[in-house]
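Down below is the structure, laid out as structure tokens.
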Amino acid sequence: MSRYNPKDIEPKWQSAWSKSGIYDAIDFDKKRQKYIMLTEFPYPSGSGMHIGHMREYTLGDIIARQKRMLGYNVMFPMGYDAFGLPAENYAIKNKIAPQKSTEEAVNNFQSQLESMGFSFDWKRSFKTTDPDYYHWTQWLFLKFFEAGLAYQAEIAVNWCPFCKTGLSNEEVINGRHERCDNPVTKKQLKQWMMKITDYADRLIDGLDSIDFPSRIADQQINWIGRSKGVEVSFKLKNSDDNILVFTTRPDTIYGASFIVLAPEHPLVKQITTIEQRDEINSYIASAATKTDLDRQTDEKDKSGVFTGAYAINPATKAPIPIWIADYILMGYGTGAIMAVPAHDERDFAFAKAHNLDVVEVIKPAKASLLPYAGEGILTNSAKYDNLSSSDAREKISADLVKANLAQEKTNYRMRDWIFSRQRYWGEPIPIIHCDIHGAVPVNEADLPILLPEVENYEPSENGDSPLAAATDWVNTTCPKCGEPAKRETDTMPNWAGSCWYYLRYFDAKNNKEFVAKDKLDYWQNVDMYLGGMEHTTLHLLYSRFWHQFLFDQGLVPTPEPYMARRGQGIVLASDNTKMSKSKGNVVDPKEVIDSGYGADALRLAITFLAPYDQTTPWSPETLGGTYRFLQRVWTLVDEYLVNEHSGGENDEIKRAVNLMSKQVSEDLEHMSYNTAIASMMEGVNKLYKLKAKDKYSSSDWQWALETLSLLLAPFSPHISEEIWQLLGNKESVHTQKWPGFDAKWLKQDEITLAVQINGKLRGQISLAANTTQEDAEKVVLSDEKISKHLEGKEIKRVIYVPNKLLSYVVG
RNA sequence: GCCGGAAUGGCGGAACUGGUAUACGCGCACGACUCAAAAUCGUGUUCCUUUUUGGAUUGAGGGUUCGAUUCCCUCUUCCGGCACCA
């Protein structure tokens, strides 16, 4: 008799597997390919990985292992997203060079991953910081540049004063930087931008062709924020200039009683009257210093200043005043609106605050207070009166377009992607600035542009990258004319490397191309992409954009990178709050393994807690339960091996194991991992009962225990391998065929029929399977307990569901 | 405010296309083993009433149906995302 001790078996198999190569993905293999991938490949930080990572990786590993057993050529790679703020901030805080801290963190991660027994193909691994890799990230940037999709612009960027770098809109969450949680301000900077807005429609429409859960697809659609409307021009009263406004509600144009411009709007200076100039200037100045957070907290009070100028409403021909206010954003639409206070909450608040006209032009079906933003019937709108607002929307915009006063226009909430960072730890942008030729791309032959080693890699206050101080590196010559020129010193954001890493796994060592074409054609794209919800409007959106561009360039064979995406839920601490280092409630997987539970029980516990996509609290008790389960499995096998086992067949064993096999297979198909484990527990409980009866006397035991180890293999790979081999098998359990089931053992001769009377359960009877309704009724009526409920009642109707239930309706 | 998701025992959760609600695990109680404890094994465990019987129950209210955790309507609460986007 031996005891289940994970420490005896887990490290042993981990090293055996890594020598064997059984998890390698094979290029051009005849078997069908299946690509399972995890987001975001981790950014190595000193603190290592927590249980949330492990949930995702365990899920991926279960899928990958089962697909291999089902006969697929599985690609299940892992690498490291090692550039970027998290790695760099960690390095700065601990006063280590990022190169060095990254290396340490990677080693730490590597050993953590190995201790969990994941079946990654390590031969394809790389870091985004490897020059062999970022060579091609830079090369791809040049493709964007050549296509005009990477460009420079002087704009007011989101600026994180703590990290001292510009940020994209996606990285600002509730006015704070998503990495360090400090409030974000605005700073005027010349930035590299990516024209993701060119792909806005494709990013929305492409979702129809791929399998993303609606919560992810909807979130992306929401973020892109497509809205269709018209741009209408309002002529200035005393000038031939026009102000363009964007509106989705041209049906309300007769109620437009004033115009509001963003403070940064280019026409403001020109139209402001002398009397208003001081007031306008001071308002512009104060708006410029507000942080996003200030703007959000000031949301309710609608500040603004009159410019002194008027525009003509093209519908009413009436002059209306032009104001400026910071609730109008320069970055959206035209930076100017026609205000319809009767039918827009913000305009209404502004009109009330500044005593401006409110003209009702839409009558709601039910009487309602102003402002009323819904649909209704037009009024005060000349010839459009009595039209429905939707009809009026079409008619009015058509008429305005015909009169050359408007054009149809689609706007997006999403802005172009601010791509440069004023930080050290990123891919250098491969551009050279020449006085004569402007921004010139580096020659492809000169790639990669290596990140130089510098003494001081901390960010600066003034918005210069730390690279600006590396003058030897900065000063170069123009690739076009050979005159002295300077390198771009901003670096790429940490999202750049992860935009295309999934492709590089096809061909990780290639130094001639980013990926060889025949490998792209074989592996195609990711079949199942697992990852957290936090990437939905960041990495997941960015990389779809890159991939769509690569498709347009003929560089990849498919229009979308990820055929299916699933997001795992968050693992909370046991007290139902988020795990955080500061609260000290983070569960460290290493501790769990070392304390004796082992990786197999941990993997089971994470998976068994709840459905994979549900947020759920961590439970040490569940870990105890899954450990106990494995121990029971172990004991079952151990007792079998030390007992004599000759004897006949046992139909009950066949039935129990076939049923377990069916349930586990079906649950895996539906990604219902927690119930798959429940099915195995149920199966093992049954085997314990059968063992008590027949003392392992049946010849079916060997088969039963082998099947159990096959079913358990994707979930708990070490113990499965150990018992598989203890049972006398020589090859790895992980290269075996997934067990099927024989339906003939699942058929039941005798079934339990539920009997309902007026919808209430009144009894259960045992019957031979497939008994006719007539015979079933006879049995029911002869059952005293049930038939007494029918006495003296008129039977109005009888419903019979064969093998399930018999339902009487009585009066 | 808008978009998405959820609500089932003491707890995590199960129930496939409407058909025996509470699988599986935890916890708890009792029993076996033990001098004892732990571990292990076994039995029980939605609630109320109760000898049996019976009644109630899937966040609340209504509807469809012989039958609803499941479908429809109204509402409440919680979680995630977006948020002055014209």
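No hydrogens, no waters, no symmetry mates; every other heavy atom, side chains included, goes into these values. Just so it is clear: chains get the letters A, B, ... in the order the sequence lines come, proteins before strands, and each one is counted from 1.
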Exercise. Checking all strands, does A/Asp347 fall into the base, sugar-phosphate, or nothing category for heavy-atom contacts under 4.0 angstrom?
Worked result: nothing
Exercise. With a 4.0 Å cut-off on heavy atoms, is A/Met533 in touch with a base, just the backbone sugar-phosphate, or nothing at all?
Worked result: nothing
Exercise. Is B/G9 in the syn range, within 90° of 0, or in the anti range?
Worked result: syn
Exercise. When we call it a touch if two heavy atoms are under 4.0 Å apart, what does A/Arg632 touch: a base, just sugar-phosphate, or nothing?
Worked result: sugar-phosphate
For this session: Tell me which of A/Asn758 and A/Ile337 sits closer to the 5' end of RNA chain B, going by the nucleotide each one is nearest to.
Result: A/Asn758
Problem set entry | Rounded P spacing from B/A32 to B/U22 in Å | 31 Å
Problem set entry | C1' spacing across the pair B/A68 / B/G62, given as an integer number of angstrom | 14 Å
Exercise. A/Arg215 CZ to B/G80 C1': how many Å, rounded?
Worked result: 8 Å
For this session: Hunt down the Watson-Crick or G-U wobble partner of B/C33, both distances under 3.5 Å, from any strand shown, or write none.
Result: none
Exercise. Among B/A86, B/C82, B/G4, which is the nearest nucleotide to the side chain of A/Ile328?
Worked result: B/A86
Exercise. Hey, does A/Asp344 reach any base, or is it just sugar-phosphate, or nothing, if we go heavy atoms under 4.0 Å?
Worked result: nothing
Exercise. Hey, does the side chain of A/Ser661 reach the backbone of A/Val657 with a donor-acceptor pair shorter than 3.5 angstrom?
Worked result: no
For this session: Pick base, sugar-phosphate or nothing for A/Thr752, based on heavy-atom distances below 4.0 Å to the nucleic acid.
Result: base
Exercise. Just checking A/Gln631: base, sugar-phosphate only, or nothing, at a heavy-atom cut-off of under 4.0 Å?
Worked result: sugar-phosphate
For this session: Measure from the side-chain N and O atoms of A/Tyr696 to the backbone N and O of A/Leu636, and report whether any donor-acceptor pair falls under 3.5 Å.
Result: yes
Problem set entry | Pairing nucleotide - B/A14, Watson-Crick or G-U, each distance under 3.5 Å | none
Exercise. Would you call A/Asp694 and A/Lys689 a salt bridge, taking side-chain N to carboxylate O under 4.0 Å as the test?
Worked result: no
Exercise. What is the base-pairing partner of B/A39, counting Watson-Crick and G-U wobble geometry with both distances under 3.5 Å?
Worked result: none
Seminar exercise, completed: Partner of B/U64 under the Watson-Crick or G-U wobble criteria, both distances under 3.5 Å, comes out as none
For this session: Could you give the distance separating B/G10 and B/U45 at their C1' atoms, to the nearest angstrom?
Result: 11 Å
Exercise. RNA chain B: A/Ile677 or A/Ser214, which has the more 5' nearest nucleotide?
Worked result: A/Ser214
Exercise. Does the cation-pi check pass for A/Lys302 over A/Tyr327, that is, NZ or CZ under 6.0 Å from the six-membered ring centre and within 45° of its axis?
Worked result: yes
For this session: Looking at every strand, decide which applies to A/Ile799 at a 4.0 Å heavy-atom threshold: base, sugar-phosphate, or nothing.
Result: base
Problem set entry | Any donor-acceptor pair under 3.5 Å from A/Gln220 side chain to A/Thr536 backbone | yes
Problem set entry | Nearest-neighbour nucleotide for the A/Gln764 side chain, B/G13, B/G25, B/U20 considered | B/U20
For this session: Using the C1' atom as the reference point in each nucleotide, state the distance between B/C82 and B/U70 in Å, no decimals.
Result: 31 Å
Exercise. So what does A/Gln219 hit on the nucleic acid, given a heavy-atom distance under 4.0 Å: a base, only sugar-phosphate, or nothing?
Worked result: sugar-phosphate
Exercise. Which whole number of Å gives the distance between the P atom of B/G19 and that of B/G42?
Worked result: 32 Å
Exercise. Taking OP1 and OP2 of B/A83, is either one under 4.0 Å from a side-chain nitrogen or oxygen of A/Asn222?
Worked result: no
For this session: Please work out if A/Pro611 contacts a base, only the sugar-phosphate, or nothing of the nucleic acid, heavy-atom cut-off 4.0 Å.
Result: sugar-phosphate
Exercise. Base, sugar-phosphate alone, or nothing: which one does A/Thr248 contact when heavy atoms must sit under 4.0 Å apart?
Worked result: sugar-phosphate
For this session: Once you apply the 3.5 Å cut-off to both distances, tell me the Watson-Crick or G-U wobble partner of B/A7, or none.
Result: B/U76
Problem set entry | Under-4.0 Å salt bridge between A/Glu666 and A/Lys662 | yes
Problem set entry | Assigned partner base of B/U58, Watson-Crick or wobble definition, under 3.5 Å | none
For this session: Give one of base, sugar-phosphate or nothing for A/Ile173, where a contact means two heavy atoms less than 4.0 Å apart.
Result: sugar-phosphate
Problem set entry | Lys/Arg N to Asp/Glu carboxylate O, A/Asp211 vs A/Arg566, below 4.0 Å | yes
Exercise. Is there a side-chain polar atom (N or O) of A/Ser227 under 4.0 Å from OP1 or OP2 of B/A86?
Worked result: yes
For this session: Flag the pair A/Trp417 / A/Tyr542 as yes when their ring centroid distance falls below 6.0 Å, and as no otherwise.
Result: yes
Exercise. Counting side-chain heavy atoms from CB outward, which of B/G55, B/G42, B/A21 is closest to A/Tyr688?
Worked result: B/G42
Exercise. Within the structure, does a side-chain N or O atom of A/Arg413 lie under 4.0 Å from either OP1 or OP2 of B/C2?
Worked result: no
For this session: Name the nucleic acid region contacted by A/Gln614, choosing base, sugar-phosphate or nothing; use a 4.0 angstrom heavy-atom cut-off, strictly under.
Result: sugar-phosphate
Exercise. Do A/Lys796 side-chain and B/C66 base share a donor-acceptor contact under 3.5 Å?
Worked result: no
Seminar exercise, completed: For B/A23, the nucleotide meeting Watson-Crick or G-U wobble distances (both under 3.5 Å) is none
Problem set entry | B/G18 to B/C72 separation - C1' atoms, rounded to the nearest Å | 13 Å
Problem set entry | Protein-nucleotide distance (A/Glu682, atom CD; B/A23, atom C1'), rounded to Å | 6 Å
Problem set entry | B/U50 pairs with, by Watson-Crick or G-U criteria that keep both distances under 3.5 Å | none
For this session: Indicate, with a heavy-atom threshold strictly under 4.0 Å, whether A/Asn411 touches base, sugar-phosphate, or nothing.
Result: nothing
Exercise. Mind checking the C1' distance from B/G5 to B/U43? Whole angstroms is fine.
Worked result: 40 Å
Exercise. If we take the P atom in both B/C78 and B/A86, what is their distance in whole Å?
Worked result: 28 Å
